[in-house]
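What follows is one structure encoded as structure tokens, with my remarks underneath.
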Amino acid sequence: MGAEKEVLLRMRGVKTYFPLRSGVFNRSSGNVKAVDGVDLDVYRGEIIGLVGESGCGKTTLGKSLLQLVKPTAGTMEYTFKEGTQDLMKLSRKELDLARKTLQIVFQDPYSSLNPAFTIFGSLEEPLKRFGVRKRADRERIIGDLLVSVNLQREHMTRYPNEFSGGQRQRIGIARALSVNPELIVCDEAVSALDVSIQAQVLQLLLKLKREMNLTYIFITHNLSVVEYISDRIAVMYLGRIVELTETDRLFAGALHPYTKALLAAIPVADLSRRKKRSPLQGDVPSPVNPPGGCHFHPRCPECQGVCRTEVPKLITRTIDGVEHAVSCHLVE
Ligand code: SF4
């Protein structure tokens, strides 16, 4: 990324808790701490991967960024053309405008495509909302968008059920692009696709990023996908970032025991390249009552006494010119 990195989004102390209620009086009985204190800078023009097992908080963090779920605490400063604003303090009207800049592509494109509408019907709605009044203009823009995602103009008259999964995902991407955004959260955007189709959609995302100078936050549980597409990777565990660095560094020299275990679990076809396995033991604990100290300690093969009582800080070091942040008591 070089020395001229520009911070597009600065998250500090972000928490997203979901209250639990129980009993006949519906009393509060705790919180699901889905995101539990995230500090993260996203640079303009980069692809940052957010990885971790299911339940680690990565999807909630992506939705919190777009205010699709309301964060409980922290700040999310975004550098708009008009100046920097905290996304968490936007009024409803300001948030509607911000959605022109920030978009999301979901794993299931059906969630953003109404099966009763043609593709034109689904894609024209955001254009109308952002002031493209003439139908002929909307048809031209939607036709161009479909061509840009390797579909055909004529496809706008068809319904979602007439397309394959890969084509529907391209339509989901076209819909996100229709308002000319700067940052797109791709939430498991290729996870439901066959491997060969995954590769085509990843290539398409890279092409669009280059052409439109986009920034992606790429959320996935698939480390091979994130290795292919990301400039940097943040590894999350139980609502916190435990390791963050450039992609090549993470794959060549991960430092956190959780990241090492995730990497060791990647299937490798070539037996000579297969690493000694250190499979993760057990499941991710409940985010309602996360373990004290280091959240990872009950599953960590390197756990020490201090790990049970003290929360390790996420400390950034520069190693061989590369910034590498890790939260582990044993990393010097
Ligand atoms: Fe393991 Fe302790 Fe490091 Fe946590 S702080 S990852 S328990 S060694």
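Every number for a ligand or one of its atoms is a count from 1 in the order of the listing. By convention here, the first residue in the shown sequence is residue 1.
Using modelled atom types and a 3.5 Å distance limit, the side chains of S122 and N114 yield no donor-acceptor pair. Neither side chain, Y228 nor Q198, offers a donor N or O lying under 3.5 Å from an acceptor on the other.
Using cut-offs of 30° and 60° for the angle between ring planes, the Y237 and F296 rings count as perpendicular. In this pair, F80 and Y78 present their aromatic rings tilted. The plane angle is within the 30 to 60° band.
Remark: side-chain polar atoms of Q67 are paired, donor with acceptor, to backbone N or O of S64 under 3.5 angstrom.
The pair D187-K63 fails the salt-bridge criterion, with no side-chain N (NZ, NE, NH1 or NH2) lying under 4.0 Å from an Asp/Glu carboxylate O.
Screening the protein for N, O or S atoms under 2.8 Å from atom 4 (Fe) of ligand 1 yields 1; no waters enter the count.
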